[in-house]
Participant: 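Structure incoming, see below.
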Amino acid sequence: MPELPDVETMRRYLESTSLHQEIAGVEVHAAGVVPSEEVIEQTRVKELKDALTGRSFASTRRHGKWMFIALDEDSDEFLVLHFGMTGGLKYFKDMEQAPEYDRVLFRFTNGYQLAYLSMRKLGEVAVIDDVGRFVHEKGLGPDALDPGFDLATFTDAVEGRRAMVKSILMDQDTIAGIGNVYSDEILFHAGIHPRTTINHLGEETLEELFHTMKDVLKKAIEYQAEPEQFPESFITRHRHDGGTCPICGSALESVKVSSRTAYYCPNRQRKKGC
DNA sequence: CCTATAGCCTGACGGC
DNA sequence: TGCCGTCAGGCTATAG
């Protein structure tokens with residue numbers, strides 16, 4: 001689930017539910033998501049609780065697949081969330097409504113609580129004091145939907161590189177926010193075979209790829225990153241064994257790229273060069 | 001620079 | 001039904 005459109009949807013969900021309420025307490029049900037060596041695990045959990053209790057969520061930001069939540073209006077401290085492959089958020093009141101796999105629970109004084117869920121515990125919950133530095137230290141590239149991330153920046157970033165185009169799209173150091181599913185969706189609409197090496201794309205195709213990337217991500221956000229709501233022309237709901245192209249009806253094929261399974265339409269996505 | 005692989009963690013699914 | 005292998009929308013570290 002959690003690629004850029006999903007995280008953006010969750011960010012909006014958090015904004016519409018959880019801002020400006022005092023945090024009464026924090027429960028960590030699975031310390032695994034609070035990064036630490038085992039010996040200092042309890043210390044890190046305590047740090048998280050101490051940093052949040054009595055504060056409130058003031059505003060949110062997102063960079064790629066990372067969400068940042070400001071603690072109080074003029075604080076430099078941020079709660080940072082990453083959702084791994086199976087993470088999510090749920091705001092609820094009664095414990096009967098508690099979701100499965102709630103790893104960290106932020107309890108508000110109004111009796112409601114926000115749960116950070118992660119079935120596979122592959123995400124991360126931490127408190128940081130400088131978003132810019134955090135993004136820099138992670139080596140993240142520009143957020144895919146940042147208006148400042150324009151065509152020229154994109155072509156500069158891939159200039160001289162010869163990796164497969166799907167690998168480039170998924171490389172968080174190059175562009176932050178795109179994962180396996182949306183790279184497939186983007187390449188499908190751009191008509192590019194996932195194993196095409198990027199140096200074999202002509203200038204025009206590269207430009208089309210860039211605009212398609214922006215369009216697909218924006219469109220997915222419009223539909224709250226819910227594949228069931230996506231237009232029929234999207235490949236996401238069809239990207240499984242036995243799936244067919246929603247446009248031409250061809251049987252979809254799959255191939256490994258960066259150890260991930262890429263689904264594509266062999267008719268509409270011709271390998272270009274290489 | 002690039003690819004492939006393993007590992008983290010848990011659950012779903014298919015085959016026998 | 002149970003057991004086993006494989007795979008899954010993430011990221012990192014490592015080797016070649």
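What you are looking at is a predicted structure, and each value in this text was computed from that prediction instead of being measured.
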Participant: Would you indicate what A:T261 reaches in the nucleic acid, counting non-hydrogen atoms under 4.0 angstrom: base, sugar-phosphate, or nothing?
Facilitator: sugar-phosphate
Participant: Check the angle between the aromatic planes of A:Y112 and A:Y91 and answer parallel, tilted or perpendicular using the 30° and 60° thresholds.
Facilitator: parallel
Participant: Considering residues, nucleotides and ligands other than A:E159, do more than 12 of their heavy atoms fall under 6.0 Å from its CD?
Facilitator: no
Participant: I'd like the P distance from C:dT6 over to B:dT5, given in whole Å.
Facilitator: 13 Å
Participant: Indicate for each nucleotide in nucleotides 11-16 of chain C, in 5' to 3' sequence, whether protein heavy atoms under 4.0 Å reach the base (B), only the sugar-phosphate (S), or nothing (-).
Facilitator: S-----
Participant: Quick one: does NZ or CZ of A:R62 land under 6.0 Å from the six-membered ring centre of A:F68, within 45 degrees of the ring axis?
Facilitator: no
Participant: For A:K90, look at atom NZ and say whether over 12 heavy atoms of other residues, nucleotides or ligands are found less than 6.0 Å away.
Facilitator: yes
Participant: Could you run through DNA chain B and flag its stems, i.e. three or more consecutive Watson-Crick or G-U pairs with both distances under 3.5 Å?
Facilitator: B:2-8 with C:10-16, B:10-16 with C:2-8
Participant: Pick the P atom in B:dA12 and in C:dC11, then give their distance to the nearest Å.
Facilitator: 23 Å
Participant: How close or far is atom P of C:dA8 from atom CG of A:D241, stated in whole angstroms?
Facilitator: 8 Å
Participant: Please state whether the phosphate of C:dG10, meaning OP1 or OP2, lies under 4.0 angstrom from any side-chain nitrogen or oxygen of A:R120.
Facilitator: no
Participant: Between A:I168 and A:M119, name the one whose nearest nucleotide on DNA chain B is closer to the 5' end.
Facilitator: A:I168
Participant: Is any side-chain N or O of A:R103 closer than 4.0 Å to OP1 or OP2 of B:dC9?
Facilitator: no
Participant: Do A:Y223 and A:F234 have side chains that approach each other closer than 4.5 Å (heavy atoms only, starting at C-beta)?
Facilitator: no
Participant: Measure the shortest side-chain to side-chain distance between A:F106 and A:L52 over non-hydrogen atoms and say whether it is less than 4.5 angstrom.
Facilitator: yes
Participant: Using the P atom on both, measure B:dA6 against C:dG5 and round to a whole Å.
Facilitator: 15 Å
Participant: Counting heavy atoms from C-beta on, name the nucleotide in C:dG9, B:dT10, B:dA4 closest to the side chain of A:D6.
Facilitator: C:dG9
Participant: At under 4.0 Å, does any side-chain N or O of A:Y101 touch on OP1 or OP2 of B:dC9?
Facilitator: no
Participant: Measure the shortest side-chain to side-chain distance between A:D72 and A:F57 over non-hydrogen atoms and say whether it is less than 4.5 angstrom.
Facilitator: no
Participant: Looking only at atom P, what distance separates B:dT10 and C:dT1, rounded to whole Å?
Facilitator: 25 Å
Participant: Please state how far atom CG in A:L169 lies from atom C1' in C:dG9, giving the value in whole angstrom units.
Facilitator: 15 Å
Participant: What's the closest nucleotide to the side chain of A:A163 if the choices are B:dA4, C:dG10, B:dC2?
Facilitator: B:dC2
Participant: For A:I235 and C:dG9, give me the distance from atom CD1 to atom P, rounded to whole Å.
Facilitator: 13 Å
Participant: Counting only side-chain heavy atoms from C-beta out, which of B:dG11, C:dG10, B:dC2 sits nearest to A:M85?
Facilitator: C:dG10
Participant: Closer than 4.0 Å, any side-chain N/O of A:K256 to the OP1 or OP2 of C:dC7?
Facilitator: no
Participant: Please report, rounded to the nearest Å, how far the C1' atom of C:dG10 is from the CG atom of A:D171.
Facilitator: 13 Å
Participant: Can you establish whether the number of heavy atoms outside A:R162 located under 6.0 Å from its atom CZ is more than 12?
Facilitator: no
Participant: Just do the side chain to side chain contact (heavy atoms under 4.5 Å, CB included) check on A:I235 and A:H189 with the steps written out, would you?
Facilitator: CA-CA 9 Å; A:I235 195 179; A:H189 291 286; 5.9 Å; no
Participant: How many Å lie between CG on A:L187 and P on C:dG9, as a whole number?
Facilitator: 15 Å
Participant: Can you tell me if CD on A:E232 sees more than 12 non-hydrogen neighbours from other groups inside 6.0 Å?
Facilitator: yes
